[in-house]
*Asks:* 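Here it is: the structure, laid out below.
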Amino acid sequence: MNMQASPAKPTRSLALGIERLGLISLRFPVAAAIMLVVLAVLGGIGVTRLKVDDSLSQLFRSNTPEYRQFEETVTRFPSAEYDVLVVVEADDLLARGNIEKLREAVTDLQLIDGTRGLISLFSARQPPEGNELPAPVFPDELPQGADYDKLVAKVRANEIIRGKLLSEDGTLALIVLSLKPEIVATEGLRKVVGEIRETMDQDLAGSDLKSELSGVPVMQLEIRNAVERDRILYNAIGFFAGCGIAILFFRRVSFMIIAAAPPLIAILLALGTFGWFNFRLNMFLNVMTPLIMVISFADSMQLTFAARDRLIAGEDKYTAFRNVLFIVGPACVLTHATAGLSFIALLFSQSDLIRAFGEAGLLATIIALLTVLLVLPLLGVLLLRDTSGFAVKVRGADTGVDLLRRFCAWIAARMVSRPGFFSLIGIAVVVILGIIYANLQPRYRLADQVPDREQAVSASNRLDRKLTGAQPIDVLIQFTEGESLYSPETLATIADVHNVVERQAGVGNVLSLETLRRWLAEKAGKHDVATLKQYVDILPAFLTRRFVSEQQDAVLVSGRIPDVDANQLLPVVDSLDKRLNDVRAKHRGYEIAVTGLSAIAARNSANMIGKLNRGLTIEIVFVAAFIGLAFRSFVVMLVSILPGVFPILLSGALLYAMGEGLQFASIVALTVSFGLGLSATIHFLNRLRLEDSPDRDPAIAVERATVLVGPALILTSVVLACGLAVTVFSDLPSLRLFGWLSAFAMIAALIADLLILRPTAMYLFALTRRRRRPAAEAKPAE
């Protein structure tokens, strides 16, 4: 099947003439080429300036009071942010030989440059006797036989160790290794973590002891490594996928370069711009590479396909690319505009991370549009040679494209045969999917933000099972004016808060100044404040700063909870906060607040995801109105709604069926996919506008529009899906979810375009024309 492109005819521009920017490259190709080289060099320099943001709290970073308090707590009590958790396991962990191996490893860990201290089984002390410093629980020379068995029993019963540094079954030990703050924020973290792993491997060799690392610094390093690795992987796979599809159907290297080079240049320029504007790569911005690829490649394919058709029809290259800018260019501008609106919707999120993603996406969309409009015509006039010979050679032998056109014609013929019936089916399906989508619940887990094929998540899961959990939940107590750390009222407040946290279901491993006070009272009979102060003073600063601020005007009661879904965690946080009301009433003047990353996540995740979801609903209405305004047609606005919401609702129904719920990654994927998925709808409606006329049957106009733009729409949808699906290779669960869900939404958008858009457009256009015809016929009679 060989349907020639229609002659270019003057039409009202949908894009305020923005597409005419492409004429600059046709008019001044040499100057445009020089400017492109200069911008590419600047873009390359900008790429080298890109840094990685590996903070675990980046999703919730905002200007809210809760987050400001969390930041203040982290600053005043810098513990969990700098702790490497070394998890050691063995069935016979407490065997004498294993304990000797483990103690040797603990000693060597303290010698690693960049560490400032550690806590382990061997940190525990005997109850004090007299005024002398207490001896360690583990003596320098370990006893043997029955005496060693007594030592093991004493260790397992020790209140400082049991359930905190040693699991109840005695098979897991925890070593908390504190790093220097300046190390965690630099590339030195990679070296220090590497030395920790190497030390544990060497010292535990020859035994059945197994070790894994977790903790915030390890998670940050694994996020940093994954982001850097994924950036290279996505660029490579996206490049080869785009080039492969382009050369397969264009059958000429020059056309492949014309179609694929603008997206690659757009990636370079966009990433370079991010570098110059000091954007930091994170789990969302890292997906910007495939997003730029699909945004720009979609319209690049449309323009190249149309130019190729016009060259086959006999036009010279200058005329062909000029006409393509006028015919396809407005739709390209409009598709980028709708994608930009999708990113604008993200700017209203409370999360700094999601807002930054929206800003970067909007900036990338503008760069992609300008790159496609300016670079593609430039490459067309510079690379194409002997276009008349190409037209003769390809005409009649365009097998791949002809097959796609026959398929599009077959689909269109069936959809327009019973447009009302198929439109009703489409509406019914969308309503059913909408009901399912409405039942999706927000979901969030910290583990979804961390590479799950590395040690950190595995070790964290073990801590969840055997030591209550690895995630801290803190209660911040700030003293009233005039009260000191060791005043009776302050100590009573700390004790009451400690008791509440300790009794809270779901919270374990509770530590505070009260833990030390109890130990002194129960094991040594020391109840006086002087002894308590003496012990606080002799403890290492890195240890006391976990619970007592440097100015001694605030303390922290810290517990541990497992990394569970925020919906399960929120009742625990709310219950704890409610139980603390009695303590607040009893000790007026003391500020008592539940904080920590887990508490922030539990409170804010559902609210933020809900707001993003409502923002998506508003965006759908706004974008539909925008498209209707651009086409100056209420009918077009109605036509664009069903194919626009179908991929979102179908993707949501899939998430519901899989029990996934709405996560940050999924709602952002659906928001962005909505804007990108409208590309096919806009290009079809633009072509239908050109093919439609009062004296032509709407069915013929729909069929012609489908056959002319259908092959390019199918190919671009495949490229969109491939470009986003490459993220399934990521080690980050959130990015994998973003990738496969976005790819699925792209395919769903193609299905909606072929099976819902065609009959709906046919039915509404025909209905509108039938209503206008009696009015037009009656007018002369008046």
Side-chain angles (χ1 to χ4, degrees), residues 56-57 69-87 106 109-110 114-125 158-166 174-184 214-219 463 467-479 485-486 490-491 493-495 497-498 501-502 507-520 532-561 592-600:
L56 295 177
S57 61
Q69 185 178 67
F70 166 70
E71 281 192 313
E72 180 186 354
T73 303
V74 170
T75 302
R76 298 172 75 178
F77 303 91
S79 54
E81 293 284 313
Y82 309 114
D83 286 347
V84 172
L85 306 181
V86 184
V87 180
V106 167
L109 287 176
Q110 297 179 79
T115 63
R116 55 178 180 166
L118 60 75
I119 304 171
S120 71
L121 300 174
F122 310 104
S123 304
R125 297 275 170 174
N158 187 287
E159 294 184 1
I160 301 295
I161 296 176
R162 188 183 64 194
K164 298 176 177 66
L165 299 172
L166 180 69
L174 174 63
I175 303 169
V176 182
L177 183 60
S178 182
L179 304 185
K180 294 178 180 177
E182 60 270 20
I183 292 294
V184 176
S214 187
V216 172
V218 178
M219 291 181 176
L463 292 174
L467 287 181
T468 310
Q471 306 307 320
I473 182 169
D474 303 318
V475 177
L476 174 66
I477 305 173
Q478 300 185 84
F479 307 159
L485 174 62
Y486 299 104
T490 297
L491 292 177
T493 303
I494 297 172
V497 170
H498 187 106
V501 178
E502 207 169 37
V507 180
N509 206 346
V510 182
L511 292 171
S512 72
L513 189 64
E514 174 67 8
T515 307
L516 177 60
R517 193 194 65 79
R518 287 182 185 179
W519 182 74
L520 289 171
L532 177 63
K533 186 176 185 303
Q534 177 188 6
Y535 270 77
V536 171
D537 290 341
I538 66 174
L539 288 174
F542 84 90
L543 183 56
T544 57
R545 284 290 305 280
R546 294 173 179 275
F547 312 111
V548 180
S549 67
E550 188 174 8
Q551 290 76 26
Q552 295 193 351
D553 58 354
V555 296
L556 210 62
V557 177
S558 182
R560 297 278 176 170
I561 55 175
I592 303 172
V594 180
T595 185
L597 181 58
S598 299
I600 293 292

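Starting from 1, each residue takes its place in the sequence as its number. Note that the structure is predicted; figures quoted are calculated from it, not measured.
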*Asks:* Flag the pair F77 / D474 as yes when at least one side-chain heavy-atom distance between them is below 4.5 Å, and no otherwise.
*Replies:* no
*Asks:* For a side chain to side chain contact (heavy atoms under 4.5 Å, CB included) check, start with the C-alpha distance between V510 and T515, then their side-chain angles and the critical distance, and finish with the verdict.
*Replies:* CA-CA 8 Å; V510 182; T515 307; 5.8 Å; no
*Asks:* Please tell me if the side chains of V218 and L85 come closer than 4.5 Å, counting only heavy atoms from C-beta onward.
*Replies:* no
*Asks:* Taking all heavy atoms of S120 and all of L165, pick out the closest pair and write down the distance.
*Replies:* O-CD1, 3.3 Å
*Asks:* Restricting to non-hydrogen atoms, name the atom on S558 and the atom on P472 that form the minimum distance, rounded to 0.1 Å.
*Replies:* OG-CB, 4.4 Å
*Asks:* With the side chain counted from C-beta on, respond yes when I183 and R116 share a heavy-atom pair under 4.5 Å apart, and no when they do not.
*Replies:* no
*Asks:* To the closest 0.5 Å, what do you measure between CG (L174) and CG (D83)?
*Replies:* 9.0 Å
*Asks:* Any donor and acceptor pair, going by atom type alone, linking the side chain of R545 with main-chain N or O of R76 inside 3.5 Å?
*Replies:* yes
*Asks:* Given side chains that start at C-beta, do those of L109 and T115 come closer than 4.5 Å, heavy atoms only?
*Replies:* no
*Asks:* As a test of understanding, state which of L179, V86, L177 forms a side-chain contact (heavy atoms from CB on, under 4.5 Å) with L118.
*Replies:* L177
*Asks:* Could you tell me which non-hydrogen atom of L532 sits nearest to which non-hydrogen atom of L520, and how far apart they are?
*Replies:* CA-CD1, 3.9 Å
*Asks:* Any chance you could measure F547, atom CZ, to L516, atom CG, to the nearest 0.5 Å?
*Replies:* 9.5 Å
*Asks:* Is T544 reaching over with its side chain to a backbone N or O of V548, donor-acceptor style, under 3.5 angstrom?
*Replies:* no
*Asks:* What distance do N509 atom CG and R162 atom CZ have between them, rounded to the nearest 0.5 Å?
*Replies:* 12.0 Å
*Asks:* If I take atom NZ from residue K164 and atom CZ from residue R560, how far apart are they, to the nearest 0.5 angstrom?
*Replies:* 12.0 Å
*Asks:* Taking all atoms of both residues into account, what is the closest heavy-atom pair of V507 and G559, and its distance?
*Replies:* CG1-CA, 4.1 Å
*Asks:* Sequence neighbours excluded, which residues qualify as side-chain hydrogen bond (donor to acceptor under 3.5 Å, both in side chains) partners of Q69?
*Replies:* none
*Asks:* Can you check whether Y486's main-chain N or O pairs, donor with acceptor, with T490's side chain at less than 3.5 Å?
*Replies:* no
*Asks:* To the nearest 0.5 Å, what is the distance between CG on L485 and CG on L491?
*Replies:* 6.5 Å
*Asks:* Please examine the side chains of F479 and T493, heavy atoms only from C-beta on, and report whether any two atoms are closer than 4.5 Å.
*Replies:* no
*Asks:* Return the NE2 to CZ distance between H498 and R517, rounded to the nearest 0.5 Å.
*Replies:* 9.5 Å
*Asks:* Do R546 and V176 have side chains that approach each other closer than 4.5 Å (heavy atoms only, starting at C-beta)?
*Replies:* yes
